Amino acid sequence: MSDRLTPATIEGLRLSKEKDLMAARLLDRAAGYVEQGWAQCCDAVDANGSGVPPFSKRAECWCALGAIRAAKVRIGLVTLYQDAEGNLQYPKAMTPFAASVYSRALCAAAQAMVGRVPKHPAMYASVVTNWNDTEAMSGETVARKLREGAALIWRRTEDVQRAIRGGAS
């Protein structure tokens, strides 16, 4: 059996790389939000300390998960819609591509924060939230860990590129 990568495998790796690059971008953007202002126990708050949706123009501080959610909108991963009352809302479901990117970003963020990958994808968001809301936490640490999560993804992307180059030869 050949150890060369098939065209289908290479295409799968290319799509995986695309998702990873978007996930790393998502975490870098989220870190930027947290660097602007950090919150605990709420996705985002305005200048008065009132909770607002993380994508709101009034948002001034974000928790880790709220920043990731805001970044999903900012980088175009999801498009908001207006409900019957005219309020902007997240879509009820993400595309499979967007869901995969979001899951990869949450997984990397959780791994950077607690030093290991949570056992189940359903735990990623709660790990990020609980870690952010720890009493002794700081915004600087949260932003740094979000960037470390992005770096984990960048390294994985480089490993995939090496595998593609090695398998295509």
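In this text the structure is predicted, and so the values were computed from the model without any measurement.
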Shortest non-hydrogen contact between Cys107 and Val117, atoms and distance: SG-CG1, 3.6 Å
Asp46 side-chain N/O to Arg58 backbone N/O, donor-acceptor pair under 3.5 Å: no
Trp38 vs Asn132, side chain to side chain contact (heavy atoms under 4.5 Å, CB included): CA-CA, chis, key distance, verdict: CA-CA 10 Å; Trp38 175 63; Asn132 178 89; 2.8 Å; yes
Met137 backbone acceptor or donor facing Thr134 side chain under 3.5 Å: no
Tyr33-Met113 co-clustered via ILVMFWY side chain contacts under 4.5 Å: no
Verdict with supporting geometry, Val101 and Phe97, side chain to side chain contact (heavy atoms under 4.5 Å, CB included): CA-CA 6 Å; Val101 169; Phe97 180 87; 3.7 Å; yes
Ionic contact status for Arg147 with Glu35, cut-off 4.0 Å: yes
pair Arg69-Pro54: side-chain heavy atoms closer than 4.5 Å: yes
Atom CZ of Arg156: over 12 foreign heavy atoms under 6.0 Å: yes
Common cluster, Leu65/Val78, ILVMFWY with side-chain heavy-atom separation under 4.5 Å: yes
For Val128 against Ala64, the heavy-atom pair lying closest together: CG1-CB, 3.6 Å
Spatial distance of atom OH (Tyr81) from atom CG (Leu88) [nearest 0.5 Å]: 10.0 Å
Polar side-chain atom of Gln111 near backbone of Gly149 as donor-acceptor pair, under 3.5 Å: no
From Arg25 atom CZ to Trp154 atom CH2, the distance as rounded to the nearest 0.5 Å: 9.0 Å
Side-chain donor or acceptor of Thr129 paired with backbone N/O of Ala125 under 3.5 Å: yes
Nearest heavy-atom neighbours spanning Ala24 and Ala150: O-CB, 3.6 Å
Short N-O contact, Glu158 and Arg155, less than 4.0 angstrom: no
Flag side-chain contact, heavy atom, 4.5 Å: Ser56 against Pro53: yes
CG-CG distance between Asp28 and Leu146, expressed to the nearest 0.5 angstrom: 9.0 Å
Residue pairs, two or more places apart or on separate chains, that pass salt bridge (charged side-chain N to carboxylate O under 4.0 Å, His left out) and touch residues 103-128: Asp20-Arg104
Closest contact, heavy atoms only, Ala71 versus Ala30: CB-N, 3.9 Å
Minimum side-chain heavy-atom gap Trp131-Val142 below 4.5 Å: yes
Same apolar cluster (I L V M F W Y, side chains within < 4.5 Å links), Met22/Leu152: no
Trp62 vs Val45 side-chain heavy atoms within contact, under 4.5 Å: no
Distance-only side-chain donor-acceptor flag, Ser138 / Thr141, under 3.5 Å: yes
Asn87 (side chain) donor-acceptor with Asp83 (main chain) under 3.5 angstrom: no
From CZ (Arg29) to CZ (Arg74), nearest 0.5 Å: 5.5 Å
Ion pair Glu140/Arg144, N-O distance below 4.0 Å: no
Thr79 vs Val73 side-chain heavy atoms within contact, under 4.5 Å: no
Tyr102 side, atom OH; Lys72 side, atom NZ - distance, nearest 0.5 Å: 4.5 Å
Ser100 side-chain N/O to Pro96 backbone N/O, donor-acceptor pair under 3.5 Å: no
Interatomic distance, Ile75 atom CD1 to Leu27 atom CG [nearest 0.5 angstrom]: 9.0 Å
Side-chain donor or acceptor of Ser126 paired with backbone N/O of Met123 under 3.5 Å: yes
Closest contact, heavy atoms only, Ala39 versus Cys42: CB-O, 4.1 Å
Heavy-atom closest pair, residues Ala59 and Ala44: CB-CB, 3.9 Å
